[in-house]
J.: 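Following this message is one structure expressed as structure tokens.
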Amino acid sequence: MAKSVLTRNNVTVKGEGEQPIIFASGFGFDQTVWSSVSNSFEQDFQIIQYDYVGFGDSDIAAYDQAKYSTLSGYVSDLLEIFDELKINNAIFVGHSIGSMIGILASTKRPELFSKLVLIGPSPYFLNEPPTYYGGFDKDDLDHLIDMMEKNYLEWVSNIAPTITNDPNRLDVTMDIEDRFYANNPTITRQFAEVIFFGDNRPFLPKVTVPSLIIQCSNDVFVPDSVAEYMKVNLPNATITYSNSIGHCPHLSHPEKTVKLIKEYINEQTKVPIEQVGMEHE
Amino acid sequence: MNEHLDQMPSGFFRLSKDYFILSTNKTLLNILSYNQAELVGKFVHTIFSNSSSAFFQLHFYPLITEKNRVEELYIELKSKSGKIIPVLLYANSLHNGEMLCNVVPITKRNQYIDQLLEAKKIAEKRLTEKNELNAQLKLTLKRLEEKQEELLKVNLENHQYKKETKKELELAKKIQETTLTKAFDNHHLQIDSHYKASSELSGDIYGFYQINEYQYGIILLDVMGHGISSALITMSLETLFQRLITKGVATDLVIQELDNHLHSYFDNNEEAWHYCTAIYLFVDTENQTIEYINAGHPPALYVETSGQLKELQSSTPPLGSFKGIEFRTTKFTYTQGARILLYTDGVSEPLEHGHLSDILKAYTADSLKTLKDKLMESLEREGEEYYKNDDQCFILMDLK
């Protein structure tokens, strides 16, 4: 069991510090997406990174269609990693769906988390006029998933090599690509459906762990209306608006993202958590 | 150069690092039905459908950041009038962060791709169905194997049971045989017998007793069928006739009692009903008379030294068949040296009609032992296979 949790999710631990900080990637990415961000934390933190089953260097054989048909399968994997590494009071940094996984996990086991950093989180993608505007109609999302399928091979041939960008590991590149070709379209599609059609709004008010929302400009996945909704419904949340464009500031603007995270962590250690602030960049 | 760019067959646009459109070629404007002024300075998502925007951000942004180039990206553009144009997009980024993008419309090819994807979905559905069926099949197979294992277990138990039953039957057979009276030879009579059960247990039973100095009782019965049920009845009858005969009870009463006994057994149980043929001889050596009753039994053969033969025929139906039958004795005087053969149909039927009397006549001068051996040899040699499955029993008696 012990070994299987860590190999199942390809958990890697690095860093010189004691305070644990765990990174959870967004849809379609593996842990290497964090490399330019997480490196800046190595000196002062214990860095934990992992892959979702079916992505990156995870154990694809552990993919269970029933288990991963809702987000709770991913949530329980995360909690098992915490237990396996015997860590608590961790800073959690999640991107997109990764941030929702952290939110759900923190409602189940709040003691494991000290802070949540949420990059481009959305609790629900569908529009429910007139009360909720998630940014998409059902047709849009269906179409989006179709488009992903049509680009699947292209996606694989470009993203997969980044997984093994360590030149010493060129030998395994082929193997991973083979695995992607063989297994991933179905997993990717199912994960996309879980993400795009799941409604996680009911969990937001249950969160007790203080959090920072990083909202980018022109993020089509998170319209300002969603960021507004998050701010109102997530207790103890601070929101910061980044002028990074798009949905992946940790990729496009890693230094800026690091700065925002560090500022929040340091701020939090000084100011009591009751304060819910807003910060425009 | 710009002129050539405009004449290129593919659409072209240049983006700022923040994804604003800096310039386009005419081909792109034609494809999208925009004029230059309407697009330049606009955010790139202007030329995308809602889902394309999302996809572009999810897919294109990270790729161009990581790789500085994007190839063969399938995406859908939206024209000014809202028309959707499927294209393949190629892009690379420059040192200053600007991006150059080429789009090639693939409307016709896209139809093929759609059909292919549709076919793939159907194939995947079939595969899922097949896998489900396979899983069901595996389950069925597993159940079958479990059943088979159960069957093997039952079979083993059955085998064990059969083995035990056979042992029990052999023991029962021994017990049945011990009740049979032994051959004897005195100055009045010599008696010998042959007894062979068809299966493990026999439906035949006999007994011969010396009642007093001059009187002897000899009885032979054949309960219908053979096996355990018939054998049980023979045992019950044996207890009764042994008691009656040795007490010197009158011939007709012996038979009457046996008949009553059978009727009382099966009065309330038709299913278990058995009848039985019987012949009882009461020999008085002082008066040289034989009194007998034959109830449905094959005729006993009486042969004198002269070769004169007499059949002691049946005069009544078998015991246990009809109620209220009056059993009448027949009595005759025998001559010295006469010989009598009693037998069951298991002995007469395998042989040709008249064969028994022929042997009997042919061997009048020989000893009882010789005759017995001859009879057994005939049964073994000439007996038809079909009849060998019946119980065989005969009694030979020399009247001195």
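What you see is a predicted model, and the numbers here were worked out from it, not measured in a lab. Convention: sequence-line order gives letters A, B, ...; per-chain numbering from 1.
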J.: Contact part of Asp219(A) toward chain B, heavy-atom cut-off under 4.5 Å: side chain, backbone, both or neither?
T.: both
J.: Is chain B contacted by the side chain of Asn218(A), its backbone, both, or neither, given a heavy-atom distance below 4.5 Å?
T.: both
J.: So which part of Phe56(B) gets closer than 4.5 Å to some heavy atom of chain A, the side chain, the backbone, both or neither?
T.: neither
J.: What part of Tyr74(B) lies closer than 4.5 angstrom to a heavy atom of chain A: side chain, backbone, both or neither?
T.: both
J.: Please give me the minimum heavy-atom distance between Ile85(B) and Pro105(B), naming the atom from each residue.
T.: CG2-CB, 4.2 Å
J.: Answer yes when Arg201(A) and Glu128(A) have at least one side-chain N-carboxylate O distance shorter than 4.0 Å, and no when they do not.
T.: yes
J.: Before we go on, tell me: are the rings of Phe55(A) and Phe191(A) under 6.0 Å apart, centre to centre?
T.: yes
J.: Given the side-chain rings of Phe55(B) and Phe60(B), with only the six-membered ring counted for Trp, is the space between their centroids under 6.0 Å?
T.: no
J.: Would you find a donor on one side and an acceptor on the other, under 3.5 Å apart, between the side chain of Tyr52(A) and the backbone of Ser25(A)?
T.: yes
J.: Checking Ser51(B) against chain A: side chain, backbone, both or neither under 4.5 Å from a heavy atom?
T.: both
J.: Side chain, backbone, both or neither: which part of Leu116(B) has an atom under 4.5 Å from a heavy atom of chain A?
T.: neither
J.: What residue, out of Leu251(A), Asp140(A), Asp137(A), has the most heavy-atom pairs lying under 4.5 Å from chain B?
T.: Asp140(A)
J.: Using a 3.5 Å distance criterion without hydrogens, assess whether the side chain of Ser52(B) forms a donor-acceptor pair with backbone atoms of Glu76(B).
T.: yes
J.: Which region of Lys120(B), side chain (C-beta onward) or backbone (N, CA, C, O), has a non-hydrogen atom less than 4.5 Å from a non-hydrogen atom of chain A, or is it both or neither?
T.: side chain
